[in-house]
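We count ligands from 1, going down the list as the structure has it; atoms in each ligand are counted the same way. Just so it is clear, the model here is predicted, and its values are computed rather than measured.
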Amino acid sequence: MSVLLHRLNQKLEERREQQLYRKRLNLDSPQGAEIQMGDKTLLNFSSNDYLGLANHPALIARAKHSFEQFGFGAGASHLVCGHSDLHGELERRLAEFTARDRALCFSSGFAANLAVQQVLLAKGDAVFHDRLNHASLLDGAQLSGARLLRFSHNDVSHLQQRLNSTTAAGKLIAVDAVYSMDGDLAPLKRLADIAREDGALLLADDAHGFAVLGEHGAGSAEYWGLSQDELPILMGTLGKAMGSYGAFIAGSEALIEGLIQFARPYIYTTALPPSVAAASLAALDIVQGEPERRRKLMDLIAYFRARARDLGLPLMSSPTAIQPLLLGDAGLALDTANALRKHGIFLAAIRPPTVPQNSARLRITLTAAHERAHVDHLLNMLDQNVPDSVRQQ
Ligand SMILES: *Cc1c(COP(=O)(O)O)cnc(C)c1O
């Protein structure tokens, strides 16, 4: 056997032994509060469909309608002939909503994070990352050629130290606005101040904040009241709360033009199908027109946290729809998730390397599609299945 395949087999074996082996499950229904898996109906607390839009009739209708005008595939990259009116309209709407000069759509958040760091950074620059940043941000930094300096999670004095430790002229600070496995927020206001004082650029990945946070749902920039000058690079995704697919970067005219000219993950890839842009436009209408979805979600979050605290469940300090329970041991997290599955509840056991060693957790996500009765059932089942050893007094 080749050396490479032999090594791969060893890694697979190791992963099995560590109880970290991942298996995919087949969904047999649309995304929602209740999902079908095989012959089982499960109450779902693991999607990122925070506003319950992934199966909303308006998104489906708008996508269907677009088929008549645009067909299915985009058939080319944006710079050749794959860029449609719908893509353009979506970009204008996103820019307006986030109060930025312009926005540019990408085929995924992963691609956007690779693109923006590649375009801005070069050898000799320094890029500063929170330790819990999403894998796509990290990969983007590594591809950029800049020196990567990581700081402790949400520790601004550590960031300050790291900034002071370099003489690099070009500096970028990149963070998740909402941490995907912890649910807590980056202190964006303070980060914006630090960036300004230090002459660094600030990039926020708002995958879990866009469409959820802020009075009008425009995300973390709105929540923290940060203008384009204060937060010059705003990345958002359309596959989570927006219930659609893709991502965008919003910012200045120069930033967006720079990305169009130089971003390899933008230039050398096929444009999103127009129907996906159409569905995103329908989702934007709902996000902007139905604030009650966000209010319902916030009520459910408060309700869940209050009752979970009463039960001594190991909550983390998250104000968002991501409400992890910290169990520590990977085997325990997996066993607990499996026990819950037997009681009709689906949630993900998140284990290393997605999260640091000994911080395996149940990642519970709440959505506007849930009802209180769903949350009550979840809490009862957690009470029966989470061992006392990990409870808080
Ligand atoms: C999901 C996610 C991404 C990737 O977005 P996709 O559109 O799914 O590729 C990037 N950053 C964070 C923080 C995410 O949670």
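Taking a cutoff of 4.0 Å between a charged side-chain nitrogen and a carboxylate oxygen, D383 and R391 qualify as a salt bridge.
In this structure, H153 has its ring center under 6.0 Å from that of Y179. Taking the ring centroids of Y266 and H78, they lie under the 6.0 Å cut-off.
The single protein non-hydrogen atom nearest to atom 4 (C) of ligand 1 is F110 N, 3.7 Å, given as residue, atom name and distance. With hydrogens left out, the protein atom closest to atom 6 (P) of ligand 1 is G109 N, 3.3 Å, a heavy atom.
R162 forms no cation-pi arrangement with F128, by the criterion of a distance under 6.0 Å to the ring centre and an angle within 45° of the ring axis. Geometrically, R372 engages Y303 in a cation-pi contact, judged by NZ or CZ lying under 6.0 Å from the ring centre and within 45° of the ring axis.
In S108, the parts holding a heavy atom less than 4.0 Å from any atom of ligand 1 are both the side chain and the backbone.
Checked against a 3.5 angstrom limit, the closest N/O atoms of K240 and ligand 1 fall inside it. At under 3.5 Å, not a single nitrogen or oxygen of V178, backbone or side chain, sits near a nitrogen or oxygen of ligand 1. Not a single N or O atom of A247, backbone or side chain, sits closer than 3.5 Å to an N or O atom of ligand 1.
In this pair, H374 and H370 present their aromatic rings perpendicular. The plane angle is above 60°, beyond the 30 to 60° band.
Numbered from 1 in the order shown, with element, the atoms of ligand 1 that lie under 4.0 Å from a heavy atom of S136 read 10 (C), 11 (N). Near H208, with a cut-off below 4.0 Å to any heavy atom, the atoms of ligand 1 are 14 (C), 15 (O). Within ligand 1, counting atoms from 1 as listed, the ones closer than 4.0 Å to a heavy atom of D205 are 10 (C), 11 (N), 12 (C), 13 (C). Every atom of ligand 1 with a heavy atom of S180 under 4.0 Å away is listed here by number and element: 15 (O). Residue-ligand proximity, T237 to ligand 1, at heavy-atom distances under 4.0 Å covers atoms 5 (O), 7 (O). When each atom of ligand 1 is checked for a heavy atom of A207 under 4.0 Å away, the hits are 2 (C), 11 (N), 12 (C), 13 (C), 14 (C), 15 (O).
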>> For a side chain to side chain donor-acceptor pair (under 3.5 Å) check, start with the C-alpha distance between D155 and S157, then their side-chain angles and the critical distance, and finish with the verdict.
In response: CA-CA 6 Å; D155 184 342; S157 57; 3.0 Å; yes
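Defined by atom type and a distance below 3.5 Å, a donor-acceptor pair is present between the side-chain atoms of Q36 and T41.
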